[in-house]
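Reading through the structure tokens given below for one structure.
All values below were derived from every heavy atom in this structure, side-chain atoms included, with hydrogens, water molecules and symmetry-related copies excluded.
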Amino acid sequence: MEQQKLLDEINYFRAQKITDQLYAAGLISFDEYDKLTELNRQTFSPLYVDLLPKTLAKSYDKS
């Protein structure tokens, strides 16, 4: 794997972890979480992006 793809993969997982933490802490809504996840995928283009679900199965109970 070339270096830039590896960096994109690492940066995607870092950005997504932060997004997960924001949602878990109740600082962002599900819709914001979903939009940030899509933005993370577009920005960092993870290697297996085609295998990731389009929308996430997070519970709507947290807002």
Side-chain angles (χ1 to χ4, degrees):
M1 184 181 308
E2 71 182 58
Q3 187 173 358
Q4 186 58 48
K5 286 186 179 183
L6 182 59
L7 289 174
D8 284 347
E9 196 75 16
I10 292 168
N11 288 331
Y12 167 75
F13 283 105
R14 284 180 180 167
Q16 194 57 40
K17 185 173 182 175
I18 292 168
T19 302
D20 290 341
Q21 291 171 338
L22 289 170
Y23 181 72
L27 297 173
I28 59 174
S29 68
F30 175 78
D31 290 334
E32 291 168 319
Y33 176 87
D34 211 25
K35 289 176 186 176
L36 278 173
T37 296
E38 182 60 31
L39 185 61
N40 291 339
R41 291 176 184 176
Q42 290 173 6
T43 302
F44 300 113
S45 189
L47 187 60
Y48 300 109
V49 70
D50 294 335
L51 301 177
L52 298 171
K54 294 281 184 201
T55 59
L56 304 170
K58 294 282 186 183
S59 170
Y60 278 100
D61 294 337
K62 284 196 158 189
S63 297

Could you measure the distance from the [atom1] atom of [X] to the [atom2] atom of [Y]? Nearest 0.5 Å is fine.
X	Y	atom1	atom2	value
Glu38	Thr43	CD	OG1	9.5 Å
Leu27	Thr19	CG	OG1	12.0 Å
Glu32	Lys35	CD	NZ	7.5 Å
Ile28	Leu36	CD1	CG	5.0 Å
Leu6	Asn11	CG	CG	9.5 Å
Asp8	Gln3	CG	CD	11.0 Å

Path from Tyr23 to Ile18 over hydrophobic side-chain contacts below 4.5 Å:
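Yes, Tyr23 and Ile18 fall within the same hydrophobic cluster.
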Do the side chains of Phe30 and Leu22 join up, straight or via other hydrophobic residues, at under 4.5 Å, putting them in one cluster?
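Result: yes, single cluster for both.
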Evaluate the side chain to side chain contact (heavy atoms under 4.5 Å, CB included) criterion for residues Tyr33 and Asp20: first the C-alpha distance (whole Å), next the side-chain angles of each, then the deciding distance (0.1 Å), finally the verdict.
CA-CA 8 Å; Tyr33 176 87; Asp20 290 341; 2.4 Å; yes
Taking side chain as C-beta onward, heavy atoms only, is Phe13 less than 4.5 Å from Glu9?
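When only atoms from C-beta onward are counted, Glu9 and Phe13 do touch, with a gap below 4.5 Å.
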Set of residues satisfying side chain to side chain donor-acceptor pair (under 3.5 Å) with respect to Gln21, sequence neighbours excluded:
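Here no residue qualifies.
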